[in-house]
Q: 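My structure is below; once you've seen it, I'll send some questions.
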Amino acid sequence: MMETGHRQARALGPCERYSSSRHALGFYKCVINTCRYTVPTSGVQGQSVYEVFERALASVILDIPSLRVGIKDEETSSPYFVFLSAINLHFHLEYHEVSKDLDVELIQKLEHQHDQYFPDISSRPPWKVIIVSTPHPANGVLAFDVIFAVHHSIADGRSTAAFHTKLLNELACPSVRPIQLSGHVLSLPPSQQLSPPLEEVVAFKQSWGFVLGTLFRELGPAWLSRPSKAIPWTGKLITPEPFQTKLRLIVVPAEVAPSVLAICRQHGTTLTPLLHSLVLASIAKLVPAKDAQAFCSSTPIDLRPYISDHPPSGKPGALFGVLVTTQAHHFESHEIHGDRDEDDIWKTAVSLRGRMKKHLETVPKDDIISMLSWVTDWRKYWLSKIGKPRETTWEVSNIGPIHGIPGGSHLQPGWQIRRSIMSQGATVAGAAIGVNVAGVAGGDICISLSWQEGIVETDLVEGVVLDLQRWLGQLGRRKKLAWK
């Protein structure tokens, strides 16, 4: 049985159309959050793993309306969400047992999933859950990597964390509500309501100077739009081929992660600016100076704190949807060349923290995300980018920690989340390198690096990975940074 029902929910908002157009063209397929769940074998006795997760997933779907919609007319300029009357979980939940190391299998599966379109999205909701497990428990404990891949029009990074939090709570304390699940088909309630788009819940304000300046930079003649800053190095020119995601993973172990965060606080900064500064130092020494006179990075910003009407729970972080904007950071020649030491790293990180705080004081006034409604044909917009330089060298997206211990009462024995990894796939017209950060409170911090095959050299990204591993480890152990 296929998913059924096409009752219109609402039109996609400008930010949601931005993402739907990229999926339609194959410029960006999905965002993924992978959590490692553990449970003693006694926690699933008498049940199959698939059945345990299927029932918990069904309950989560009933709690999150965005997981119950399809997208109609995605390839047009007027896509809209449709409510479905049923979802066949056979198409949305997979279970795999692997004999080799989970981490080796995970990277391969993530690279593959990031490159896949969501099929039939007018009749199937565009998300998928993949469970990867080893066949035998270790010391009486089962471990599962649960991959949640989702279309960026219905969820951002923080939403993926909210999904896993709800799934963990359902596994630990199963809901007693009636669930109409038969033959993997989940019947959905006829009365449904979808949250409004970003533009209706955040009170954006625009000055005429900001509007005219933004439009002029985008639409004005090139000879009048000469850049006031050096053009940043951003890898090779934009091309949709080959669309192949490459991923690498860095794990900051739980025993050193608190020290890394503490030393950031001691210097008056946070992890995100520090990572920008470390990536800058690494790329600056790996890219020849003659090829790079400047770099540009960006930071996604969560807009939940700026929602004018918080839900009754009073927890804006629990809101599920696309509620994000971005801030760009430009690094000129004097910031990237010459001998650098640890003091320079902290100087850049502290400066970035100051710029971020200053920017946050202006949000949501004159914010770039409020200008998306001016683009009426995203397909034309994206295709016009092919063959041109991208704007951003790297992006650091930090969704913060998940609480790995479930809340509630009457808990089943021992369900926990031990690790969280956020990843993004190849971004055809976006940053050359994605740096994605997630973690578990009191546990590991995981950093995934992603890029499109051929846009930057694999050796360069692996050099950044080695630098970040070494430098973060040294900071966590309170050792002096070694540059070579």
Side-chain angles (χ1 to χ4, degrees), residues 32-63 89-110 113 127-149 160-179 181-184 186 249 251 253-255 257 401-422 438-446:
I32 293 178
N33 192 329
T34 304
C35 286
R36 179 159 293 174
Y37 290 68
T38 62
V39 65
T41 53
S42 59
V44 293
Q45 278 186 350
Q47 304 174 82
S48 75
V49 171
Y50 189 95
E51 289 172 348
V52 169
F53 275 96
E54 184 180 51
R55 182 165 182 84
L57 177 60
S59 188
V60 171
I61 294 167
L62 295 177
D63 278 340
L89 295 182
H90 172 77
F91 297 113
H92 299 274
L93 179 63
E94 294 182 5
Y95 176 72
H96 302 276
E97 284 191 353
V98 296
S99 57
K100 55 186 174 182
D101 182 84
L102 273 180
D103 281 350
V104 174
E105 182 73 17
L106 177 61
I107 294 301
Q108 295 173 355
K109 285 193 175 297
L110 289 178
Q113 189 59 43
W127 56 264
K128 192 170 192 177
V129 173
I130 303 168
I131 303 166
V132 185
S133 174
T134 53
H136 304 294
N139 300 317
V141 175
L142 295 167
F144 313 94
D145 277 332
V146 179
I147 300 167
F148 175 53
T160 65
F163 169 87
H164 278 291
T165 298
K166 285 184 176 292
L167 181 61
L168 175 64
N169 287 332
E170 282 296 330
L171 289 166
C173 186
S175 172
V176 296
R177 80 174 90 187
I179 296 176
L181 180 62
S182 177
H184 305 301
L186 174 66
L249 178 63
V251 178
E255 57 267 25
I402 286 177
H403 292 282
I405 307 296
S409 58
H410 308 297
L411 303 182
Q412 298 298 312
W415 279 101
Q416 293 187 39
I417 289 177
R418 299 285 187 172
R419 189 175 75 175
S420 173
I421 302 169
M422 188 182 75
V440 174
D444 298 342
I445 298 172
C446 294

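Residues take their numbers from the sequence shown, with the count starting at 1.
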Q: Measuring from atom CZ of Phe163 to atom CG of Asp63, what distance do you get when rounded to the nearest 0.5 angstrom?
A: 11.5 Å
Q: Any side-chain heavy-atom pair from Ile421 and Ile32 closer than 4.5 angstrom?
A: no
Q: If the condition is side chain to side chain contact (heavy atoms under 4.5 Å, CB included), which residues does Val141 pass it with, not counting sequence neighbours?
A: Thr38
Q: Residues two or more places apart in sequence or in another chain: which of them pass side-chain hydrogen bond (donor to acceptor under 3.5 Å, both in side chains) with Glu94?
A: His96, Lys128
Q: Using the side-chain hydrogen bond (donor to acceptor under 3.5 Å, both in side chains) criterion, which residues pair with Thr160? Sequence neighbours excluded.
A: Asn33
Q: Could you tell me which non-hydrogen atom of Pro406 sits nearest to which non-hydrogen atom of Ala172, and how far apart they are?
A: CG-CB, 3.5 Å
Q: With sequence neighbours excluded, tell me which residues meet ring-ring contact (aromatic ring centres under 6.0 Å, His included) with Phe53.
A: Phe144, Trp415
Q: Suppose we screen for side chain to side chain contact (heavy atoms under 4.5 Å, CB included). Which residues come up paired with Ser59, at least two apart in sequence or across chains?
A: Glu170, Ser175, Arg177, Ile179
Q: Give, for atom CG of Leu57 and atom CG of Leu186, the distance between the pair rounded to the nearest 0.5 Å.
A: 8.5 Å
Q: For residues 133-146, which residue pairs pass the salt bridge (charged side-chain N to carboxylate O under 4.0 Å, His left out) check, not counting sequence neighbours?
A: Arg36-Asp145
Q: Among all residues two or more places apart in sequence or in another chain, which pass the ring-ring contact (aromatic ring centres under 6.0 Å, His included) test with Tyr50?
A: His184
Q: Under the side chain to side chain contact (heavy atoms under 4.5 Å, CB included) test, which residues partner Val176, sequence neighbours left out?
A: none
Q: Going by side-chain contact (heavy atoms from CB on, under 4.5 Å), Ile417 matches just one of Val146, Val440, Ile405. Which one?
A: Val440
Q: With a 3.5 Å cut-off and sequence neighbours excluded, list the donor-acceptor pairs that the side chains of residues 129-136 form with protein atoms.
A:
unit_1 : atom_1 : unit_2 : atom_2 : d
Ser133 : OG     : Ala143 : O      : 3.4

Q: Parallel, tilted or perpendicular for Phe148 and His164, by the 30°/60° rule?
A: perpendicular
Q: Can you name the nearest heavy-atom pair linking Ile402 to Cys35, along with the distance?
A: CD1-SG, 3.7 Å
Q: Contact between Asp103 and Arg419 at the side-chain level, heavy atoms closer than 4.5 Å - yes or no?
A: yes
Q: Which heavy atom of Ile147 sits nearest to which heavy atom of Lys109, and what is that distance?
A: CD1-CB, 4.3 Å
Q: Could you work out, with side chain to side chain contact (heavy atoms under 4.5 Å, CB included) as the rule, every residue matching Ala441, not counting sequence neighbours?
A: Pro401, His403
Q: Listing request: all salt bridge (charged side-chain N to carboxylate O under 4.0 Å, His left out) pairs with a residue in residues 46-59, at least two apart in sequence or in separate chains.
A: none
Q: Report yes if some heavy atom in the side chain of Leu89 is under 4.5 Å from a heavy atom in the side chain of Leu181; otherwise report no.
A: yes
